[in-house]
Amino acid sequence: MDLIKKLTGKNPDEYEAVAKSLVDNSDVNLFAKLVKQDDFLFDFVKNNVSNRIKKACNKNNYLNLMNFFEYYSPSYDAMIAEVLYNFGGIELLPAMKEIFVSGDDGKKAYAAKFFSLLEEEYIKELLPALRQSAMSEFEPLSVNSIEVLSNVNDTVFKDEAFQKLNSNDEFEQYDGVKYLVGFKAKDALGEILNVMKKSSLSENIAAEIPYLIPVEELAKTEDGILVLCNIVNAIPEIIPPSAVLDYNLYNIFEDLYANNLTSVSAVLLKLAHDKFAEFTANDEYLFDCDKNTKDEVFAINQLLNKFDSSKLTSLLYDELYDESDFVFFAVDFVDEIAELETMLDSSNPTLVLKILTILKEKGKLTSAHKELALKNLKDDNFKQYIEAV
């Protein structure tokens with residue numbers, strides 16, 4: 001039988017023997033094969049394997065894990081770092097520093113995970129290098145470095161991340177969001193939300209926020225519900241369908257309808273209703289998903305179908321005004337042409353363009369609509385877009 005199957009299987013006699021051989025013999029080739037399976041194994045299976053390898057380590061063989069640094073895996077870096085620290089402690093620090101300075105990105109990521117277990121006094125001299133690696137394009141190195149900087153509350157890096165939020169470059173702003181989320185800077189939430197509201201990368205930013213603030217807390221505020229609107233809108237193009245489990249969306253939707261039904265939560269639930277109906281009607285969206293994800297998506301769809309759609313629609317009309325953060329979502333659910341026409345005098349050119357597009361899709365767009373829209377707009381670029389609709 002394949003050694004990977006034995007290592008990931010349910011037979012203790014088999015997986016314990018393979019794990020012991022893996023560590024005792026420093027079997028780099030087998031570890032490389034294991035790492036290649038990362039995308040195909042469930043998280044609980046990888047967690048089991050991690051525990052099995054950890055159990056096979058002792059004071060005589062633990063250093064063999066350092067040979068596995070040739071193949072980086074976020075599934076096993078925490079276990080490897082913990083084993084090395086538990087048996088070697090700070091005596092391994094010189095070797096880890098050398099790896100962090102001269103190794104490739106994968107090796108540096110392993111070393112950074114080891115540093116995350118140390119107190120600030122042992123890694124002070126590495127802080128400048130860690131700040132630099134925190135901005136690495138190799139995400140595991142960035143994530144692990146930020147974890148170290150967060151553990152020691154490095155205000156230099158935190159301040160630099162905050163400064164990125166004020167950049168004119170939206171991608172740099174997004175980097176700032178990711179850095180602050182990784183840093184666990186909860187005091188940055190307000191500024192992150194402000195960036196999200198104005199950015200064309202709003203869905204990407206929204207996907208990061210639940211790693212800073214639990215979804216259950218977000219659902220208690222209007223800004224948090226706006227985050228959820230962007231998250232739902234981003235599935236599956238930006239956020240994978242499996243996020244329905246990560247974000248606990250079934251319970252969130254159920255609680256909002258039962259206990260906190262407002263104009264903004266109605267927008268979210270209408271948006272979710274249409275999105276999940278689309279998921280369940282097209283196999284392509286769930287083709288690569290595991291059974292748990294598929295079951296959850298269908299369960300959410302059934303839940304949303306139980307909600308009173310007309311009641312939700314009547315509530316969301318309260319968000320049909322320029323200053324509403326939800327207006328761009330709410331307007332999609334407006335059927336009355338007269339209601340859409342009244343919004344063409346908006347001073348928001350992007351909203352006006354969207355309304356004209358909706359009218360066109362309904363086959364109701366007229367030259368009078370365009371003329372009304374053009375009256376309040378001064379930007380020639382938007383005028384060109386409107387005339388082209």
Side-chain angles (χ1 to χ4, degrees), residues 4 7-8 12 15-28 30-39 41-101 103-127 129-130 133-134 136 138-154 182-184 211:
I4 296 296
L7 184 58
T8 58
Y15 66 65
E16 287 176 1
V18 174
K20 186 176 187 305
S21 176
L22 172 72
V23 181
D24 285 346
N25 299 315
S26 189
D27 193 338
V28 176
L30 179 58
F31 186 74
K33 291 178 181 178
L34 179 63
V35 171
K36 285 184 179 179
Q37 295 296 312
D38 265 4
D39 292 337
L41 297 176
F42 292 123
D43 287 343
F44 79 90
V45 174
K46 289 184 284 189
N47 188 54
N48 286 342
V49 171
S50 184
N51 289 330
R52 291 163 186 176
I53 295 173
K54 181 179 179 180
K55 189 176 179 180
C57 296
N58 55 55
K59 63 181 181 180
N60 297 316
N61 65 14
Y62 78 95
L63 287 174
N64 290 344
L65 295 185
M66 293 182 70
N67 294 321
F68 298 160
F69 281 22
E70 292 291 335
Y71 298 93
Y72 178 77
S73 168
S75 302
Y76 307 108
D77 64 349
M79 176 272 295
I80 290 174
E82 186 177 340
V83 169
L84 292 174
Y85 179 74
N86 287 344
F87 287 108
I90 61 172
E91 292 181 8
L92 291 180
L93 187 55
M96 290 296 181
K97 286 182 176 180
E98 177 59 31
I99 290 171
F100 189 73
V101 170
D104 61 24
D105 285 347
K107 292 178 180 178
K108 287 182 177 181
Y110 275 120
K113 200 67 179 179
F114 179 84
F115 297 149
S116 71
L117 301 175
L118 304 180
E119 295 180 3
E120 182 177 4
E121 61 181 297
Y122 298 111
I123 56 173
K124 227 169 195 177
E125 66 188 80
L126 290 171
L127 291 180
L130 284 162
S133 61
S136 170
F138 182 57
E139 187 174 2
L141 175 56
S142 173
V143 169
N144 290 355
S145 298
I146 293 172
E147 181 183 4
V148 181
L149 295 169
S150 176
N151 288 347
V152 301
N153 194 27
D154 183 59
F183 198 86
K184 305 299 181 187
Y211 297 100

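L65 CG to M79 CE: the interatomic distance, rounded to the nearest 0.5 Å, is 6.0 Å. Separation of atoms CG (N58) and CG (N61) is listed at 3.5 Å; rounding is to 0.5 Å. Going from atom CG of L149 over to atom CD1 of I123 covers 7.5 Å, rounded to the nearest 0.5 Å. L22 contributes atom CG, which lies 8.5 Å from atom SG of C57 (distance to the nearest 0.5 angstrom).
When all heavy atoms of L41 and K46 are compared, the pair lying nearest together is O-CE, 3.4 Å.
Between D24 and N64, the side chains place no donor N or O within less than 3.5 Å of an acceptor N or O (distance only, hydrogens not considered). For the residue pair N151 and S116, no side-chain donor N or O sits within less than 3.5 Å of a side-chain acceptor on the partner.
No donor-acceptor distance shorter than 3.5 angstrom exists from the side chain of N25 to the backbone of D27, with no hydrogens or angles considered.
Relative orientation of the F87 and Y62 rings is parallel, given thresholds of 30° and 60° on the angle between their planes. Taking the six-membered ring where the residue is Trp, F114 and Y85 present perpendicular rings, their angle passing 60° and hence far from 30°.
Between E70 and K107 there is a salt bridge, with a side-chain nitrogen of the basic residue lying less than 4.0 Å from a carboxylate oxygen of the acidic one. Salt-bridge formation is not detected for the pair K113/E82: no Lys NZ or Arg NE/NH1/NH2 atom is positioned less than 4.0 Å from an Asp or Glu carboxylate oxygen.
The residue from Y110, F100, Y122 that alone fulfils the ring pair (Phe, Tyr, Trp, His ring centres under 6.0 Å) condition with F115 is F100. When each of D104, D105, D77 is checked for a side-chain hydrogen bond (donor to acceptor under 3.5 Å, both in side chains) with Y72, only D77 meets the rule. Applying ring pair (Phe, Tyr, Trp, His ring centres under 6.0 Å) to F31 and the options F68, F69, Y71 leaves one that passes, F68.
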